[in-house]
Every structure is written in C-alpha cells, then in structure tokens.
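Written out below as structure tokens is the structure these notes cover.
As a basis for the values below, the full set of heavy atoms in this structure was taken, side chains included, without hydrogen atoms, waters or symmetry mates.
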Amino acid sequence: MASTSYQTPMSCSHLHSFKENHGITGYKSLRIPIKPSKNSVPRCSFCSKTLGRLYICLICSEVNCSDHFFIHIQSNDGHEISVDVERSELYCFLCNDQVYDLDFDKFIEIRRKRTRKQQKLAKKEVDQYWGLRGMNNLGNTCFMNSVLQALVHTPPLKNHFLGHREVCRLRRRRRRAAGGAGEVSCLACDLDGVFSAVFSGERMPYSPAQFLYSWWQHSTTLAGYEQQDAHEFFISMLDRIHEKEQPNHSNKGIGDCHCIVHKVFAGILRSDVTCTICGFTSTTYDPCVDISLDLEPNNGSSVSAGKSTKQSSNPITSTLMGCLDHFTRPEKLGSDQKLHCQNCQIKQDSVKQMSIRKLPLVLCFHIKRFEHSLIQRTSKKINQYVKFPFSLDMTSYLSSSIIRKRFGTRIFAFEGDESEVSSLSSEFEIFAVVSHMGQMESGHYVTYLRLRDQWYRCDDAWITKVDEEIVKASQAYVMYYVQKVLYHKEGTNMNSYPSSRCC
C-alpha cells in the first residue's frame, strides 16, 4: 500500500522567517550540547540560574531562563526562536508556544546519537522495556502523545495493530477490484505505524507526524495546532477507527460490533427508571467505550454553627470508589424531568439508577475535571485530587449486584438476564494514567505507565522512572484498567514481542 504524502503545515511565521534568513544551517550553529551533561550545565546569562526551564537562542546561542528570555528578545530583534534545553524542542517566545519543524527534528535525532557508554548509562537509568519510547511534541500535541502512550501499551491492542496493515491491504485490494473509489489514508493503518515504530527497538524519541496528519484528515473540525482535550481525542480516534472497520454497522445494537475498538473497550451500561408511585421500572441499555465520572460532591464543606475546624481549609480529595458510588447511586429526577410511566399512563416522579451490565476487557474512566457554563459562558478546571487503587474490583457496580441490593431476596426476572456477566472477570489492574497539569488555558498532559509493576512518566519525548507515590499524587484525568488475567499474562509474555512483531 502506497503511503499517503503529506506536508507539515508551518505553524509559526517567526520560525518561517528564521529559516528564510538562515536556512537549516541556523540549527547547526548551536554551540552548546542540546542535552547537557552534568559537567556542562548551562546557566541563565542574567541570573545564572541552572534550575527550571532554560532556552538557547538559535541566533546567538545565549542561554536564558523563561523569565529573562523576554528581555533578550526585546533588545535583540529577530531572536525570538529558541531551543528548550531540557526537552530539545523549538519554542517561539512571541507566539508563547512550542513549534514543530521537520528539519529541526531530523537535526536533533542526529545530535542525540549516543555512544555505547551513554547507552549503558541510559539503560541503568530507565529499564530497556520493549516498547518504552518517547514521542516528540509536534506543537501542542501532548494531548495526542499522552493517549498514544496509553494505547500502545494496552495489552489486547498490540497483537491486532502489529498485524493490521496486511489485513487492510487485502481489504483495499478487494475494494479496488470491485470498482470502489479511492479514500483518505487509513487511521488504523497509521496507528499500526505508531505501534510498529514504538516496538521497533529504536530508543530515540519518535515523531508521530503521519498519524497526526491522518487524524486531521478524519477529524477536520479538530485539525490545527491548538491544544485539544485528551479525552475528546481518545473518543474521536476510537470513533474513526470503528467507522473504518465497520462502515455499515449500526450503533443502535448492543455488543454486536466486532471491530477492535469495541472488542477491547466496549461495555454496556444499564439504566433503570422506577416510578415512585407504582414501582414500575423501565430499563434501557447503552453501549459505552468509557465511563465519565463526576467528582464527589464536597459534603464536608458545611460547618456547624459556633464551631470552627481546620478541615475545611484542606484540599478536597475524591476517591475513585466514591465517584463510582456517586455514579451508581439512585437519583431522584426533578419535577421538570418527569417521565411517562407505562403502568400509570401519565407522567410521574421517578428515580433513576445507573449500573454496569457488561464489563469490557479494558476499562477506561474519565474524570470530569472541566466545567463549562453555557449561561455564564465560562469554563474552569477542577483542581481536585482523586485517590485510585491499583487493583480494582468492580463487582459492587455490576447490574446484578445493584439489583440484589435494591430488592434483597425479592429477586425476579428482568428484561435481559444479568447472568452473562458472571463469565467475565470483575477484577482489574491499572496500567496507565493520563494526568493534566496546570489550568485549562496553559495545561499540559503526561502519562504514567505501569510496566512490570514499575511506573514510568512519559512527558512527550522524555521518559523517566517514578515512584508510585508520584503517580498517586498526580491529577488523574483518564485512567485505564485491564482485566487482571490479561495484566498478569502481559507481564509473563513481555519478552516475546521482538520475535512476534510485524516487520
């Protein structure tokens, strides 16, 4: 299959001017190592600071911290493009944003070639786990990199995507033989390319430019260099892959889609609406690929009269179990939400309760951290921490458990037998956490990966070992759990990937 040609758009007019005046020779003029050693630590020319973010001017190679680089560009016209010392990425101080350039990316890859001694030191610092590879930021693409890191380490997805291209090639041949029209690049094939690159054994950071371009083609409303929401990207990508693999499938069916997206992520939610007058229950089922959870309400904010407490000043913390309890609790619908009762034949007050009828192989939780008010036209982030377990038992939130708890020993048949759930495991292990740092306007996404019970922090191109306490203290936004039997099987078979991967 011929690869789709594409051209990376120029995202910054100042970088365009720099390349017109200096060409790529401007990159070669850097006189300081891109990744400094401990013996050659750069310092800010104004305050001599060595900590925090430092930037090298592409014109004069002067080093400044983020606070003093503005002084540098005010007194030096045309010096706005710099290189982030720590991350080896281009940054424009006039645009106040990262910028991506393919020529610079190639130059950095050449400069980053390590000696054998450096490779041995790097191996001691970060285990050579197969498939542990950083991803370059292509200009505000941390939302994409964070989700891709989670997906490439999702156990059920590996075997599928490492062999997807041959399946898609045969499908396209049959379509052409039948006189089918041409089509845009296959997003699933380009995701396969990400898997192949990550599991190629190469250690240098990878640039998923082809996948980004393909996703832009399939999601034109989200195309551009603006920061996107990681969860929206995750859902958008799954939808596009589903549409490609099952073009004639109706989303109205429950569990009858056999595309890879639904095989791995699809579960079924159950919604029971009970009339408070006659007790009649109406049940509906909805397929889902993730579960969006509200943070626990702050029930401890009120203080009794005449009493003072220091607890109200402490940071508010939710728990994943508390969020799930809140999700599955009975909720009395308001007077403006009265539903028509089939038994009473009129609109009545009712109680709604959610539960999980069927669990997926990979359980994805999305924490609703961003509030949007249509009336006030404002948006804000909720900086509330969520405590989450590494091992999770979902039995209490299954429909069978919820029904028993509601009716006790008065069990009777419902539409849709819940016994089918018993064939699936309800025990899960966490393997990835996408965390959001900062505020909505200036936030950043990183991913924490759990590989062989060791946690790694994936911050675009940089991967470092971290303790589990660092993970627990992060502001979790999207969490990925896999069924426990698959998690332990993954650890057992981790050394088999080099021989089984697609060439």
Should the pair Phe265 and Tyr480 be assigned to parallel (<30°), tilted (30 to 60°) or perpendicular (>60°) ring geometry?
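Taking Tyr480 first and then Phe265, their aromatic rings stand perpendicular (interplane angle over 60°).
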
Ring-plane angle category for His242 and His262, please: parallel below 30°, perpendicular beyond 60°, tilted otherwise.
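Correct class here is perpendicular.
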
For the pair Leu148 and Leu191, evaluate side chain to side chain contact (heavy atoms under 4.5 Å, CB included) and give the outcome as yes or no after the intermediate values.
CA-CA 9 Å; Leu148 288 179; Leu191 182 58; 3.8 Å; yes

Quick one: does any side-chain atom of [X] pair with a main-chain N or O of [Y] as donor and acceptor, under 3.5 Å?
X: Ser350; Y: Cys275; result: no
X: Ser200; Y: Ala197; result: yes
X: Ser425; Y: Glu427; result: yes
X: Gln454; Y: Val466; result: yes

Under a 4.5 Å cut-off applied to non-hydrogen side-chain atoms, are [X] and [Y] in contact?
X: Leu486; Y: Leu361; result: yes
X: Val434; Y: Tyr448; result: no
X: Leu451; Y: Phe431; result: no
X: Asn343; Y: Gln348; result: no
X: Leu293; Y: Ile291; result: yes
X: Ile430; Y: Leu392; result: no
X: Ile268; Y: Asp286; result: no
X: Val198; Y: Met135; result: yes

About how many Å separate [atom2] of [Y] and [atom1] of [X], when rounded to the nearest 0.5 Å?
X: Arg270; Y: Ile402; atom1: CZ; atom2: CD1; answer: 10.5 Å
X: Phe280; Y: Cys344; atom1: CZ; atom2: SG; answer: 9.5 Å
X: Met144; Y: Phe211; atom1: CE; atom2: CZ; answer: 7.0 Å
X: Ser426; Y: Ile356; atom1: OG; atom2: CD1; answer: 10.5 Å
X: Leu295; Y: Gln384; atom1: CG; atom2: CD; answer: 4.5 Å
X: Asn136; Y: Thr141; atom1: CG; atom2: OG1; answer: 8.5 Å

Which residue in the set Gln475, Arg369, His444, Lys381 passes side chain to side chain donor-acceptor pair (under 3.5 Å) when paired with His436?
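The single option meeting the side chain to side chain donor-acceptor pair (under 3.5 Å) with His436 is Lys381.
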
Classify the side-chain pair [X]/[Y] by whether it contains a donor and acceptor separated by less than 3.5 Å.
X: Thr328; Y: Ser355; value: no
X: Tyr477; Y: Asp229; value: yes
X: Thr281; Y: Asp272; value: no
X: Asp459; Y: Tyr445; value: no

Can Asp325 and Tyr397 be said to form a side chain to side chain donor-acceptor pair (under 3.5 Å), step by step?
CA-CA 8 Å; Asp325 289 337; Tyr397 310 104; 3.1 Å; yes

[X] to [Y] - nearest heavy-atom pair and separation:
X: Thr274; Y: Gly279; value: CG2-O, 3.7 Å
X: Leu151; Y: Phe234; value: CD2-CE1, 3.9 Å
X: Pro360; Y: Ala266; value: CB-O, 3.3 Å
X: Ser401; Y: Ser396; value: CB-O, 4.0 Å
X: Phe388; Y: Val471; value: CZ-O, 3.7 Å
X: Pro156; Y: Val264; value: CB-CG2, 3.8 Å

Ser146 vs Cys458, test: side chain to side chain contact (heavy atoms under 4.5 Å, CB included). Steps then yes/no.
CA-CA 7 Å; Ser146 62; Cys458 302; over 6 Å; no

Is the terminal nitrogen or CZ of Lys472 (NZ for Lys, CZ for Arg) located under 6.0 angstrom from the six-membered ring centre of Phe390 and within 45° of that ring's axis?
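Judged by the rule (NZ or CZ under 6.0 Å from the ring centre, within 45° of its axis), Lys472 counts as positioned above Phe390.
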
Run Glu468 and Arg450 through salt bridge (Lys or Arg N to Asp or Glu O under 4.0 Å) and show every step you take.
CA-CA 9 Å; Glu468 63 180 38; Arg450 186 188 183 195; over 6 Å; no

Leu157/Ile260 under side chain to side chain contact (heavy atoms under 4.5 Å, CB included): CA gap, chis, key distance, verdict:
CA-CA 8 Å; Leu157 291 180; Ile260 185 60; 3.8 Å; yes

Give a yes or no on this: more than 12 heavy atoms of other residues, nucleotides or ligands lie within 6.0 Å of atom NZ of Lys338.
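Result for NZ/Lys338: enclosed.
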
Salt bridge Lys352-Glu331, side-chain N to carboxylate O under 4.0 Å
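Salt bridge between Lys352 and Glu331, a charged N being under 4.0 Å from a carboxylate O: no.
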
As a quick check of understanding, evaluate side chain to side chain contact (heavy atoms under 4.5 Å, CB included) for Val386 and Thr319, giving each step before the final call.
CA-CA 5 Å; Val386 178; Thr319 64; 5.8 Å; no

Residue pairs fulfilling ring pair (Phe, Tyr, Trp, His ring centres under 6.0 Å) with at least one residue in residues 318-342, sequence neighbours excluded:
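For residues 318-342, and leaving out neighbouring residues, there are no ring pair (Phe, Tyr, Trp, His ring centres under 6.0 Å) pairs at all.
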
